[in-house]
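Chain A is the first sequence line, chain B the second, and so forth, proteins listed ahead of strands; every chain is numbered from 1.
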Amino acid sequence: MIDTSTGSTPQPAFDPAPRQPTAESLARWLVQHVAAYTRLSADAIDRTAPLTGYGLDSVAALSLCGDIEDEFDLAVEPTVAWDHPTVEALVAYLLDALGPRPETA
Amino acid sequence: MPYRLAEQLEWNLGDPDDPGTLFSHARSLALDEREEFPAALCAVLDQFGLYEFYIPTAHGGRLADYEQLVQLVRTVARRDLTVAIAHGKTYLGAVCVWVDGSAEQRRRLGAAIASRLPVCLALTESAHGSDLLAGDVVAEPAADEAAGHLVSGEKWLINNATRGSLLSVLCRTDPAGGPRGHSVLLVDKRDLPAGTYRHLDKVRTHGIRGADISGIAFDRAPVPAGAVVGEVGHGLETVLKSLQLTRTMCAALSLGAADHALALGLDFAAQRRLYGRSLIDLPQARRTLAESAADVLAGEALALVAARTVQTAPAELSVVAAVTKYLVPTRTEAVITALTGLLGARAFLKDVHAGGRFQKVDRDHRIVGLFDGNTLVNLNSLISQFSTLVRAHRRGTGDVAGAAAAFRLTAPLPPVALERLSLLARHGSGVPAALPGCLALLRDAAARNPAVEPALRAAERLPAVMDEVHAEMAGLLDARTEVPPAAFETARRFTLCFAAVACVGLWTHSHLDAEAGATGPLWRDALWLRAALARLLTALGLPDAADPEALDGVLDAARALHAERRLVSLLPLALRPATPVQDGPDRPGVRAHAHAAGGAS
Ligand SMILES: Cc1cc2nc3c(=O)[nH]c(=O)nc-3n(C[C@H](O)[C@H](O)[C@H](O)COP(=O)(O)OP(=O)(O)OC[C@H]3O[C@@H](n4cnc5c(N)ncnc54)[C@H](O)[C@@H]3O)c2cc1C
């Protein structure tokens, strides 16, 4: 194992999702990601429109599962954005999957 | 060992230089000239039972080892790429069913292939090329839903569309389309009412000219409910997973073409006399041949690791297959181009040298970089995975044990588990993650044998290049809609790094066994590894990466193997049986007269 995190991998600065996400915080987090991937402004993302409508290639959409796993420590299928193709649908899915979680310190 | 059967196939096919052999070079050239489907040659392969290796053992066939399948397909491709593609399309056509089909579909398809029916894969449409989701072939539910679907529309540029009996067809099942809007249907032409389909004309091609490249047009063709492979709407998923398998297999086509081209180059350079000496003694000619040999061996190393990964780390095949399908055909094209320079006019003239075989190899091989996801499509697939690859690199994740099992050629492969294929290697690939461990092994080897030091010095440059390439990738994470040209260049550099690590992994995990074998001279002192790394690091643009001494050594070893009628390969593959077998009913080699009426494939 090698750690090469030393400064060579600039990450987009996202607000971390709050520990107990709400529909609104999840939606904002997702919109930020989609906007960054598609180089659009967050305002331009319609939460009820298919993500592929923004030119997000269906194969590229698979890697969203990694962002979700990182952020929420939740393993989801790579096809999560195919089965829940809008921000709104993804939020509903994530709320359900995350469930009410005990506060961890 | 998995390559033993390939050796038997080679012997069984007989001496290709003897025009009395059915599957001879002379016959391949004549068929190509006439643009005729190589039915009799496909029948020879059927007689060997090659089709059984397209069917997993669980469904009645003999496919249990993907490395073995690569070696078998490579053996056919070495002789005639047209035949390998014309016959191998059945594997291509069946794979969706092995990946996602029902037990009943698998049983029936296994039985159909066992009765030697050709199968094909119909994804492409004339207007849409690589853009699979734009497909217009629709499958609408029949009036009585239980009755299945009605298929309409045209698939075009399909290998064996006309001769095939069954087709895996990607159809739109949701009028809105999208990643869940398409399904794969296994269509059996024998069950379709007349008038509901017709074949489109054979398309004439510059290479693999005898192959049946045509199309099929459906007009409300009724397909039973049981024909949907996997779930309705899951066709893209099925196809992308299946393509991971077929793209890995495409390396076998390139390797076979490279083997053929290299053999022609070696022969020519030995025979041709200029300025009072053999061409092979001119330094520039030597260099070209040595580089070609080193590139072929590096491609072989990557292809071996990729084929074994199907079984050792199936969940990571999305990375390995894209790297392999990009790099092996591309580097093979470059080898053929370099050898074209070496052959000079002989590569251009039709009947003067080796019957014009070199030119046929060149024409035939062009297709390998085009079909089954072309070069750019495969790089694009890696670009889509940059974020997982960057994350994996940062954390050092990936299935290192799976990679090590792929590197160790003597390790038995775990059973095939296609249900573990994944659209995305979530935690990257174990091949790059294995680099630190492989370097430690290489250091040990160099401590025991100082002759390994040059290989170690070259390999020690890899961690820094890997960091650099991943840093480039990290800077391109927002490139998911408009992919800039720089992302393709970065993806290309990633594939070169990946191949270099695969070479280091293969040598460090397999050299002890291999050094004792017939290809020992290539393995001892890490000779082939030095040459392969020199080539890959040079392609990565690193200064002072050349290693002329290793290249010379590889060329000497390659020439010795070639002279002994062995394949120029990391593996000991004899092209002729050790003891000549007496002529008689049991002699190896299928003679022309025995199959003059060879059945259609
Ligand atoms: C001999 C032969 C046999 C074939 N057999 C079969 C078969 O059995 N079954 C089947 O379904 N299909 C088959 N095909 C079709 C083959 O897979 C297609 O040719 C392939 O899908 C690409 O389509 P295209 O050549 O029309 O190019 P297009 O997809 O139209 O590409 C045009 C250009 O765009 C580039 N491009 C495409 N996508 C991208 C991307 N994502 N990023 C960057 N650049 C891109 C390409 O590199 C190319 O330069 C066969 C083709 C041939 C020639």
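For V34(A), no part sits under 4.5 Å from any heavy atom of chain B, backbone or side chain. Heavy-atom distances place both the backbone and the side chain of E237(B) under 4.5 Å from chain A.
Applying the side-chain hydrogen bond (donor to acceptor under 3.5 Å, both in side chains) test to N374(B) and every residue at least two apart in sequence or in another chain returns nothing. Remark: A27(A) pairs with R47(A), V87(A), V91(A) by the side-chain contact (heavy atoms from CB on, under 4.5 Å) rule, at least two apart or across chains.
From D57(A), atom CG reaches atom CD1 of I383(B) across 10.5 Å, with rounding to the nearest 0.5 Å. Interatomic distance, CH2 of W82(A) versus CG of L236(B), reported as 4.0 Å (0.5 Å rounding). To the nearest 0.5 Å, atoms CG (L64(A)) and OG1 (T388(B)) are separated by 12.0 Å. The line from NE2 of H234(B) to OG1 of T79(A) is 7.0 Å long, rounded to the nearest 0.5 Å.
Residues of residues 491-505 of chain B lying under 4.5 angstrom from chain A, judged on non-hydrogen atoms, do not exist here. For residues 420-428 of chain B, the interface with chain A (any heavy-atom pair closer than 4.5 Å) comprises S422(B), L423(B), L424(B), R426(B), H427(B), sorted by residue number.
Residue S63(A) comes nearest to S384(B) through the heavy atom pair OG-O, 3.7 Å, listed as atom of the first residue, atom of the second, then distance.
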